[in-house]
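Worksheet: the structure to be examined is printed underneath.
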Amino acid sequence: MEYKEPFGVKLDFESGIIENAKKLVRKLSDMKGYYVDEEAYEKLLKEDPIIYEVYAVEQEEKDGDLNFATTVLYPGKVGSEFFMTKGHYHSKADRAEVYFALKGKGGMLLQTPEGEARWIPMEPGTIVYVPPYWAHRTINTGDEPFIFLALYPADAGHDYGTIKEKGFSKIVVEENGEVVVKDNPKWTE
Ligand SMILES: O=P(O)(O)OC[C@H]1O[C@](O)(CO)[C@@H](O)[C@@H]1O
Ligand SMILES: [Fe+2]
């Protein structure tokens with residue numbers, strides 16, 4: 001039997017950076033069609049801000065192994081809609097995931113394939129269990145970077161297609177200084 005080598009890596013709680021991790025950057029231009037207010041999207045595209053960065057430590061896509069990644073999700077809004085991750089189902093849809101909030105303020109929007117949605121607020125110390133089959137997207141509702149760690153099966157994979165096409169049934173916006181979760185006007189079953 002060939003055993004993999006165990007290892008420890010350092011996560012910097014301030015920056016969210018995991019040493020030697022693979023870095024992925026998502027800018028606004030990578031998220032066309034994701035935000036409801038297209039006019040606000042086009043306007044902000046001139047600056048093309050970084051929406052989030054991911055620091056991932058991933059293994060081969062094998063049953064039984066685990067990946068982990070931090071995400072640094074920046075504060076901001078497109079129109080009234082808070083900056084968010086793309087969101088995805090898992091390619092192997094029955095794979096679960098755990099998120100652990102480290103810094104800042106935000107939450108997770110989850111959704112079943114039938115469009116049943118849940119909003120779970122997150123602050124440092126919040127652990128979120130993402131059950132099998134639920135799509136998940138994180139959202140920064142604060143004014144500093146929202147940083148969290150995710151742990152997920154190495155063979156889970158990312159299915160971005162469905163969310164890219166249809167979005168979530170709910171959106172998270174600021175209304176009169178309040179965080180409001182409301183129906184997505186563009187949602188169709
Ligand atoms: O993959 P998305 O939807 O862009 O969101 C980024 C975060 O989600 C993960 O894909 C895990 O679910 C991580 O790689 C990262 O923490
Ligand atoms: Fe995931």
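Since the structure is predicted, the reported quantities are computational estimates derived from the model, not experimental observations. When a ligand or atom number is given, it counts from 1 through the structure's own listing order. Positions are given from 1 along the sequence.
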For the Fe ion (ligand 2): the N/O/S atom of His136 at shortest distance
NE2
Does the side chain of Glu58 come under 3.5 Å of the side chain of Tyr152 through a donor N or O and an acceptor N or O?
yes
What's the shortest distance from atom 13 (C) of ligand 1 to any protein heavy atom, and which residue and atom give it?
Ala69 CB, 4.1 Å
Do Glu19 and Tyr55 pair up side chain to side chain, a donor and an acceptor below 3.5 Å, judged on atom types alone?
no
I need the nearest protein heavy-atom contact for atom 4 (O) of ligand 1: residue, atom name and distance, please.
Tyr52 OH, 2.5 Å
Nearest to atom 1 (O) of ligand 1, what protein heavy atom do you find, and at what distance?
Tyr160 OH, 2.6 Å
What protein heavy atom lies closest to atom 5 (O) of ligand 1? Include the residue and the distance to one decimal.
Thr85 CB, 3.6 Å
Report yes or no: does His136 have a heavy atom closer than 4.0 Å to ligand 1?
yes
Ligand-residue contact atoms, ligand 1 with Tyr152, heavy atoms, under 4.0 Å:
11 (C), 14 (O)
Answer side chain, backbone, both or neither: which part of Arg26 comes under 4.0 Å from ligand 1, heavy atoms only.
side chain
If you measure from each non-hydrogen atom of Tyr99 to ligand 1, which part falls under 4.0 Å: side chain, backbone, both or neither?
side chain
Which of His90, Arg118, Gln111 passes side chain to side chain donor-acceptor pair (under 3.5 Å) with His136? It is His90
Which N, O or S atom name in His90 marks its closest approach to the Fe ion (ligand 2)?
NE2
Does Asp155 come within less than 4.0 Å of Lys62, counting only side-chain N to carboxylate O?
no
For atom 12 (O) of ligand 1, closest protein heavy-atom neighbour:
Glu97 OE2, 2.6 Å
Donor-acceptor pair, side chain of Asp37 and main chain of Tyr41, under 3.5 angstrom:
no
For Gly87, atoms of ligand 1 separated by under 4.0 Å from a heavy atom:
3 (O)
Residues, nucleotides or ligands: over 12 heavy atoms within 6.0 Å of Lys186 NZ:
yes
Which residue holds the protein heavy atom closest to atom 16 (O) of ligand 1, what is that atom called, and what is the gap in Å?
Thr71 OG1, 2.5 Å
Closest protein heavy atom (residue, atom, distance) for atom 10 (O) of ligand 1:
His158 NE2, 2.5 Å
Over 12 foreign heavy atoms within 6.0 Å of CG, Asp94:
yes
For the Fe ion (ligand 2), find the closest N/O/S atom belonging to His88 and write down its atom name.
NE2
Residues Asp159 and Ser91: side-chain donor-acceptor under 3.5 angstrom:
no
Ile51 and Tyr35 have their tightest heavy-atom pair at CG2-OH, 3.8 Å
For the Fe ion (ligand 2), the nearest N/O/S atom on Glu97 is atom OE1
Measure from the ring center of Tyr99 to the ring center of Phe148 and say whether it is less than 6.0 Å.
yes
